[in-house]
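Whatever order the structure lists them in is the order used to number ligands and atoms, beginning at 1.
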Amino acid sequence: MKPGPIWVSGATGLLGGRLVPRLRRDDQALRLVSRSARPDQRPEHIRWDGVRADPADLRSTSAALHLSGEPVFGGLPTAARRRRIWNSRIDSTRALVEAIGDLPADERPDTLVCASAVGFYGDRGDEFLDEQSPPGEGFLAELCTAWEREAAQVEGLGVRRVSLRFGIVLAREGGALALMARAFRLGLGGRLGSGRQWFPWVHIDDAVELTLLALSNEELRGPLNAVSPNPVTNLDLTANLGQVLRRPTLLAAPAFAVRAALGPLANELLGSKRVRGAAAGAAGATWRHGDLDGALTAELA
Ligand SMILES: NC(=O)c1ccc[n+]([C@@H]2O[C@H](COP(=O)([O-])OP(=O)(O)OC[C@H]3O[C@@H](n4cnc5c(N)ncnc54)[C@H](OP(=O)(O)O)[C@@H]3O)[C@@H](O)[C@H]2O)c1
């Protein structure tokens, strides 16, 4: 990466909440775009509408890190929400690439790291999945495929691109783990569907380090799975979480109930994705919390 500030969207989110302090520890200059930034917070905090990036804000940056998007879970799975989930990722990534293209070549960032998700792989049973595996089916697989295609357009501008296919990020402060822990603490913990589906997870601190690796390692290009090296089944996750929280896990949410609650998004929890971090491992990544028990204990005990 050349010297210069990093343009970051989604800094106010779950991942951004740990990533930004980590970048600051390295004295990295930042341009943080947010829908809630105020004019008096410039130049580090920059207001945007969540879609249209201003080329001036990207001028002479070292990299762009695009993490923002309407949360996939949380709220009813209405058609309007699905549209927001789609547009906040696809339209914003297209606009970001256009904004980079509006700059003279020597003023462009040399790297774009853009979020994606293991939802790319759909529902694949016990098949081992790595970055070379083709996409699956369903809403999230289509979303991730389109999202990565938009991000890849930046390569035509001479900019290196990495699409981070995040597994389910485990963090005490939000996301899936916070929701599950709340249910388990109320004694409502249990497997989802058959429980045999593979659950690709990543501890938030490892997700942050994998993001830094994507930014700094110029050999990395294209998709990069950001997952723990040890995927587990939903049954393993349920048992481990019950143990760490010392709560029973006797209940089970049948697949039809999960589908009734989440509609097309249910596949993300019921679908099976045995995803490996092949490219990150080959690039020398190490995981601080690679085993589930340690990751859950670090966040919840
Ligand atoms: N967390 C996970 O388990 C996980 C798993 C796989 C993939 N990912 C992907 O990784 C990225 C970062 O994840 P995260 O969990 O940190 O995200 P997050 O906390 O849900 O959201 C990140 C930021 O997106 C912005 N945002 C929210 N709704 C928006 C909308 N309708 N339009 C435009 N911007 C909106 C918000 O920033 P402002 O309000 O500051 O604008 C928010 O802080 C996301 O794209 C997510 O899809 C996450």
For ligand 1 and [X], I'd like to know whether there is a polar contact (N/O to N/O, distance under 3.5 Å).
| X | value |
| --- | --- |
| Thr12 | yes |
| Arg84 | no |
| Leu67 | yes |
| Val169 | yes |
| Gly13 | yes |
| Val33 | no |

Flag yes if more than 12 heavy atoms outside [X] fall under 6.0 Å of its [atom1] atom; otherwise flag no.
| X | atom1 | answer |
| --- | --- | --- |
| Arg196 | CZ | no |
| Arg288 | CZ | no |
| Arg22 | CZ | yes |

Just which atoms of ligand 1 are under 4.0 Å from any heavy atom in [X]?
| X | value |
| --- | --- |
| Ile168 | 3 (O) |
| Gly10 | 23 (C) |
| Ser34 | 38 (P), 40 (O), 41 (O) |
| Ala115 | 10 (O), 11 (C), 45 (O) |
| Ser88 | 30 (C), 32 (N), 33 (C) |
| Leu15 | 12 (C), 13 (O), 16 (O) |
| Ala117 | 6 (C), 7 (C) |

Using heavy atoms and a 4.0 Å limit, tell me yes or no: is Gly167 in contact with ligand 1?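 Checking ligand 1 against Gly167, which is what was asked, there is a heavy-atom contact under 4.0 Å.
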In this structure, does ligand 1 have an atom that sits under 4.0 Å from one of the heavy atoms of Arg165?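 False for this residue.
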Return the minimal non-hydrogen interatomic distance between Ala214 and Thr111, and the atom names on each side. O-CG2, 4.4 Å
Any idea which heavy atoms bring Leu270 and Ala255 closest together, and the distance?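 Looking at all heavy atoms of both residues, the shortest contact is CD1-O, 3.8 Å.
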Indicate, as side chain, backbone, both or neither, the part of [X] found under 4.0 angstrom from ligand 1 when only non-hydrogen atoms are considered.
| X | answer |
| --- | --- |
| Ser116 | backbone |
| Trp147 | side chain |
| Arg35 | both |

Just how far is it from atom [atom1] of [X] to atom [atom2] of [Y], taken to the nearest 0.5 Å?
| X | Y | atom1 | atom2 | answer |
| --- | --- | --- | --- | --- |
| Arg47 | Gln41 | CZ | CD | 10.0 Å |
| Leu96 | Trp7 | CG | CH2 | 4.5 Å |
| Ile90 | Asn87 | CD1 | CG | 8.5 Å |

Looking at Asn234 and Leu192, would you say the former's side chain and the latter's main chain have a donor-acceptor pair under 3.5 Å?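 Checking the backbone N and O of Leu192 against the side chain of Asn234, a donor-acceptor pair under 3.5 Å is found.
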Closest approach of any protein heavy atom to atom 46 (C) of ligand 1, naming residue and atom: Arg89 NH2, 3.7 Å
Atom 19 (O) of ligand 1: the protein heavy-atom neighbour that sits closest, reported with distance to 0.1 Å: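 So the nearest neighbour among protein heavy atoms is Leu14 N, 2.9 Å.
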Excluding sequence neighbours, so at least two apart, what forms side chain to side chain donor-acceptor pair (under 3.5 Å) with Glu107?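 Testing Glu107 for side chain to side chain donor-acceptor pair (under 3.5 Å), a comparison that skips the adjacent residues, returns Arg59.
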Applying side chain to side chain donor-acceptor pair (under 3.5 Å), name anything that partners Trp201, two or more places apart in sequence or on another chain. none
Under 4.0 Å from atom 48 (C) of ligand 1, can you find at least one protein heavy atom?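 So far as the 4.0 Å threshold goes, atom 48 (C) of ligand 1 is out of reach of every protein heavy atom.
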Carboxylate-amine/guanidinium contact Arg42 Asp57, below 4.0 Å: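 Answer for the salt bridge query: yes.
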Under a 4.0 Å threshold between the charged nitrogen and the carboxylate oxygen, would Glu218 count as salt-bridged to Arg160? no
I'd like the name of whichever of Glu70, His45, His66 reaches closest to atom 28 (N) of ligand 1 through any heavy atom.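 Looking at heavy atoms only, Glu70 sits closest to atom 28 (N) of ligand 1.
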Heavy atoms only: which of Gly69, Pro71, Gly17 is nearest to atom 21 (O) of ligand 1? Gly69
What is the ring orientation for Trp48 with His66, classed by angle as parallel under 30°, tilted 30 to 60°, or perpendicular over 60°? perpendicular
